[in-house]
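Scroll down for the structure; my scribbles are underneath it.
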Amino acid sequence: MNFIDVVLSSGQAPTFTYLDPSATLRPGDLVQVPFGNRRIKGLVWETHAREPDFATKSVDEKLLERPFAPTHLIDLCRWISEYYLCPPGVAAGPLWSCAGKSTFVRLGLGKRAPSKSKIHEPKPAPEASRRFELNAAQQAIATTLRAALDTGGFQPFLLHGITGSGKTAVFLDTARHALDKGKQVLILVPEIGLTPQTVKRTAEALGERVATLHSQISDSERADAWTSLRDGNCRVALGPRSALFAPLFDPGLLVVDEEHDGSYKQNGDSPRYHGRDAAVWLARRCSMPVILGSATPSLESWHNAKSGRYGFLKLPERAAGALPQVEAVDLREGRKSTGSSISPRLRTAMSDTLAKGERVMVLHNRRGWAPQAECLDCGAAVECPDCPGLRLTWHRESSRLVCHHCGYSGPLPKACPACGGRSLEPQGWAIQRVQEEMERLFPGHSVVRLDRDIASKKGGHGLAMDSFLTDGGILLGTQMIAKGHDIPDVTLVGVTDSDIGAGMPDFRAAERTFQLLCQVAGRAGRADLPGMAILQTRRPDDALLRDVLAHDYESFAARELDTRRILSLPPYSRMVLVEASSEDPASAERWIGKLAATLRPVVASFGGAAMGPLPAPVAVVAKRHRMHLLCKSSPERAGDLRHAVVEALVANPPPKEVRAFADVDPVDVM
Ligand code: ADP
Ligand code: ZN
């Protein structure tokens, strides 16, 4: 007898077993199956001969001649389900959403008429000024990568190239070679790196149509991109994490650009997969090379390269221009007297730069107008009613206090909640207030702001960048501006507060701060004009900052890895974080306490640990009390650890009032 397990497009968590009388169905085929008294589309997940002990219905029909998705993508979903501890229906979620709803129409399975294609066509050859030959260092690496494609087989590479070293040119050259061999190419970029410029540059460099898959395209654009990849009419897919599920039937190369970027890990809802790690898995499954590129690699990838598990490729010099000179400005000297977000040193440098007709980028990593509303009588700051302990941010254009954790918003209270005083005032500097100050300080120069409030409007990101490119002047932004932009006449970068990560109870805070500062400094002086970066700080002697000033990733990584080894933190250990939350604080704690009691002896038997229950660092969000149980093992026992967590979760299902999830290799531990 032939049975198939099917994941349903309607999103049910488990798979369902049906009979396949034809015995021809394969994983990845799209079928219609009876479900209750409905007819539902589903994907064949697995075929087998294990007869269930209940009556099995037959599949209605196979809906498409060719498979809907290639087998390796079904295998990827199955791996995600197993590795990230989520049911098949959840693991298949990104596959369905990558295709989108209109795709069924496009495939002739719906009623509406298909609309026109909007795939990015390459323009005629790029202008001569932007064309160049690979330099010797790039050429050497390109040769290695081309050879890897010729040999075939799974080969992971870390391409560590400083900012502006020309990594992009190298992986585009490799992509070209893969295309010449008749293969398809998948390029992953961080969420925010997917700008129209990136798409255009890729299409031009490859002389190919490029299908982009991301959350901001319309459903019909998505259907175009998806079907043309599936049909092989388009051979290049470009997108963020979710583009991993692009239906490439004949992939030959995978690239993960800015592999360290936090947006590769899905947070917030399941499946909580890491796009980079899943990409490496997929490359192994498809026996192809994968290139992880970054100027500031994740310590996990760095460790893998150092220990020989990944091929290690280095571009230590800029392709054009030189690295910017980076200096620190000690804010403790003289800021009080100026009452400004910009030190005299940064201000002078900005004036000089603007006077020369060059451009400035400034990082200020806080949205809103003021980071808090403070009582002038008692000094208390207004906190979110739903997230006690978290301060509300003042947004002036809407005249509201907003919680950046849960989205609460409300008016400025008339009286101080702590002392009843009547003198609550927005205090401190958030980005919109810095913008106002800059507009005052540098009249006649445009100050373009780029943050999530701007970028979340449709096309907002592109509009802001366009206006910066045409009007010049100053680009003031949150961490969004640190990535990917390659603007030749930006010669000065300023950072208003470089001490962002200091004191955060997150073991990756130092890594993230280093990456952010290096990346943003790296925006300066990328062409012929020399660049400079000025970092304002209250901790000028900090070792991390000194490494940023010296552009010394290796020194930073060596020191940070030492710390991680001593504390047995990743990459020297592996983690699974279990989080439980409930409105009443006792329920979450009680349940996770039970889970901990079950897990502790099991985990201890292979040298691991289950730490908790502990309140999450951000203990209450949107009225829910959050409790953590952090489970840890040696890398060798990571499989046992995941297994132990699953068993414990099965043995202790959470009560109704408790929301719980497990996060494997967590990135956000706050
Ligand atoms: P990365 O991705 O490493 O930050 P890019 O690939 O964006 O670097 O390259 C940085 C800049 O150097 C770009 O403006 C690019 O056009 C230029 N560039 C790259 N390779 C060369 C080369 N071989 N000769 C001249 N310019 C180059
Ligand atoms: Zn809140």
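Counting convention: from 1, in listed order, for ligands and their atoms alike.
- Among the atoms of His405, none of the N, O or S atoms falls under 2.8 Å from the Zn ion (ligand 2).
- Contact atoms of ligand 1 toward Ala319: 12 (O), 18 (N), 19 (C), 20 (N), 21 (C), 27 (C) (distance under 4.0 Å to a heavy atom of the residue).
- Dense packing is recorded around CZ of Arg146, with more than 12 heavy atoms of other residues, nucleotides or ligands lying under 6.0 Å away.
- With contacts defined as side-chain heavy-atom distances shorter than 4.5 Å, the pair Val448/Asp471 does not qualify.
- Close contacts of ligand 1 with Ala169, meaning ligand atoms under 4.0 Å from a residue heavy atom, involve 6 (O).
- Donor-acceptor pairing under 3.5 Å is lacking for the side chains of His364 and Asp451.
- Less than 4.0 angstrom separates some heavy atom of Arg201 from each of these atoms of ligand 1: 5 (P), 6 (O), 7 (O).
- Remark: Lys167 fails to qualify as a cation-pi partner of Phe171 under the 6.0 Å distance and 45° angle criteria applied to the six-membered ring.
- Those atoms of ligand 1 with a heavy atom of Gly166 less than 4.0 angstrom away are 1 (P), 3 (O), 5 (P), 6 (O), 8 (O), 9 (O), 19 (C).
- Taking the six-membered ring where tryptophan is involved, the planes of Phe556 and Phe514 are essentially parallel, since the angle between them stays under 30° and well short of 60°.
- Residue pairs satisfying the salt bridge (charged side-chain N to carboxylate O under 4.0 Å, His left out) criterion with at least one member in residues 385-400, sequence neighbours excluded, are listed as follows: Asp386-Lys623, Arg396-Glu436.
- The shortest N or O to N or O distance between Thr163 and ligand 1 is not under 3.5 Å.
- Summarising the contacts of atom 1 (P) of ligand 1 with Glu258, Arg318, Gln519, Lys167, the nearest heavy atom is found in Lys167.
- At least one donor-acceptor pair closer than 3.5 Å links the side chain of Tyr264 to the backbone N or O of Leu188.
- Heavy-atom separations between Gly164 and ligand 1 include at least one value shorter than 4.0 Å.
- Less than 4.0 angstrom separates some heavy atom of Glu133 from each of these atoms of ligand 1: 22 (C), 23 (N), 24 (N).
- Cys384 contributes SG and Cys406 contributes SG; the angle these two atoms make at the Zn ion (ligand 2) is 110°, rounded to 10°.
- Shown in contact with Leu134 at under 4.0 Å from a heavy atom are these atoms of ligand 1, numbered in order with element: 23 (N).
- A donor-acceptor contact under 3.5 angstrom links the side chains of Glu358 and Thr491, judged on distance only.
- Under a 4.0 Å criterion applied to the non-hydrogen atoms of Asn135, ligand 1 contributes the atoms 23 (N).
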